[in-house]
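Note on naming: letters A, B, ... go to the chains in the order of the sequence lines (proteins, then strands), and numbering restarts at 1 for each one.
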Number of protein chains: 2
Amino acid sequence: MRRKRPYACGVDVAIDVIDGKWKVLILWALTTGSKRFGELKRLVPGVSEKVLTQQLRELEADELVSRRTFAEVVPRVEYTLTALGESLNEALEPLGEWGSRNQARIETLRSPLSPERVNAVDSGTPGA
Amino acid sequence: MRRKRPYACGVDVAIDVIDGKWKVLILWALTTGSKRFGELKRLVPGVSEKVLTQQLRELEADELVSRRTFAEVVPRVEYTLTALGESLNEALEPLGEWGSRNQARIETLRSPLSPERVNAVDSGTPGA
DNA sequence: CTGTATCCTACACGATACTG
DNA sequence: CAGTATCGTGTAGGATACAG
């Protein structure tokens, strides 16, 4: 997505800002403190360098993440959550809880077989 | 996206479920009660019938929305938020507040001109 | 009114190679 | 180590036409 219509509501803004296949994971990884590029690459398995760079740049442009470079013989860069980024992560928590509570249900619903035997409702109880 | 890797965290699940250009708006529109297809089309300006149908089907498959058809001479269908859908909307609220609070800031940052943060934290200062 | 069926395009993302 | 450059791809979404 990124930059669609004039935002229709606040959620739109937030979604737009975290839109990108890996951004939430990146934000998540940074909650435990600053990380180097290579660390993020490890913490976000599957992402290519190009895309990781790209999404970090966007997060930086939106001031959710700050970037510090160290002019050392061995290039080093550290990414850190800004206050804004931290506040976003906090706003994301309820959504995370919702997802955790309903993950099993969603996965069952989407699994190719037997979507009908779903009974657990929002109780966090995985398939019986 | 829809169905990427095994979910890395709860937020991933939730994001996946609301992923789609119009889903949040649809969910939003339904908070005020059941809506007919045509109403939704009006309430979500810009969406095509194909895509609206598509996203409604996905929301339905994820049990966030329920669909009632009325076999009348004039076809009529109503979409309603399920309990799960309502709980998702609640989990979305903090994100919406975050977005509302920071919308102006984000828009300024992204506007082609005059980002007020001409000088901000740039290169790191090694051990002061 | 409420959809389907096609066709088409844009763009995010992936893979790989190369550089300071 | 931390990127950039390039090329290729999948697929969500848009436009339009048709149908029950």
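No N or O donor and acceptor, one from the side chain of Lys50(A) and one from the base of dG3(D), sit under 3.5 Å apart.
Atom-to-atom, CD of Gln54(B) to P of dT16(D) comes out at 18 Å; the value is rounded to the nearest Å. Between the CG atom of Leu52(A) and the P atom of dT4(D) there is a distance of 11 Å, rounded to whole Å. Here dC1(C) presents its P atom at 13 Å from CD of Glu72(B), a figure rounded to the nearest Å. In this structure, CD1 of Ile26(B) is placed 14 Å from P of dT2(C), rounded to the nearest angstrom. Look at CD on Glu49(B): it is 10 Å from C1' on dT4(C), rounded to the nearest Å. Summarising the geometry, the separation between CD1 on Ile15(A) and P on dA12(C) is reported as 16 Å, rounded to the nearest angstrom. One atom, NZ of Lys41(B), and another, P of dC1(C), lie 8 Å apart when rounded to the nearest Å. When the C1' atom of dT2(C) is taken as reference, atom CD of Glu60(B) falls 13 Å away, rounded to whole Å.
When each of Gly38(A) and Gln55(B) is assigned the nucleotide of DNA chain D with its nearest heavy atom, Gly38(A) is the one assigned upstream, toward the 5' end. Along DNA chain D, the nucleotide closest to Gly46(B) and the one closest to Val77(A) are compared, and the more 5′ of them pairs with Val77(A).
An OP1 or OP2 oxygen of dA2(D) is reached within less than 4.0 angstrom by a side-chain nitrogen or oxygen of Arg36(A). OP1 or OP2 of dG3(D) lies within a sub-4.0 Å distance of a side-chain N or O belonging to Arg67(A). Dashed line: the shortest gap from a side-chain N or O of Arg57(A) to OP1 or OP2 of dG3(D) is under 4.0 Å.
Counting only heavy atoms from C-beta on, Phe37(B) has its side chain closest to dG3(C) among dG3(D), dG3(C), dA2(D). Nearest nucleotide to the Lys21(B) side chain, out of dG14(D), dA2(D), dC13(C): dG14(D). When the nucleotides dG3(D), dG3(C), dG14(C) are ranked by their closest atom to the side chain of Trp22(A), dG14(C) comes out on top. When distances are taken from the side chain of Val51(A) to each of dG14(C), dG3(D), dG3(C), the shortest belongs to dG14(C). The Pro75(B) side chain lies nearest to dT2(C) when the options are dC1(D), dG13(D), dT2(C).
No engagement by Phe70(B) is indicated, since no non-hydrogen atom pair under 4.0 Å with the nucleic acid exists.
Summarising the geometry of Asp62(B) relative to Leu84(B), their closest heavy-atom pair is O-CD2, 3.6 Å, with the distance given to 0.1 Å. Minimum interatomic distance between Gly33(A) and Lys35(A) (heavy atoms only, all atoms of both residues): O-NZ, 3.0 Å. For the pair Ile18(A) and Lys23(A), the tightest heavy-atom approach, listed with the atom from each and the gap, is O-CB, 3.6 Å. Heavy-atom minimum distance, Thr82(B) versus Ser66(B): CG2-N, 3.8 Å.
Here the rule is side-chain hydrogen bond (donor to acceptor under 3.5 Å, both in side chains) with Gln103(A), and of Glu107(A), Arg101(A), Arg105(A) only Glu107(A) fits it.
In terms of modelled atom types and a separation under 3.5 Å, the side chain of Ser34(A) and the main chain of Glu78(A) share no donor-acceptor contact. Between the side chain of Thr32(B) and the backbone N or O of Ala29(B) there is at least one donor-acceptor pair closer than 3.5 Å.
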Its dot-bracket string being built from Watson-Crick and G-U pairs below 3.5 Å, with | for another strand and [ ] for crossing, DNA chain D has the pattern ||||||||||||||||||||

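With salt bridges taken as basic N to acidic carboxylate O contacts below 4.0 Å, one links Asp16(A) and Arg110(B).
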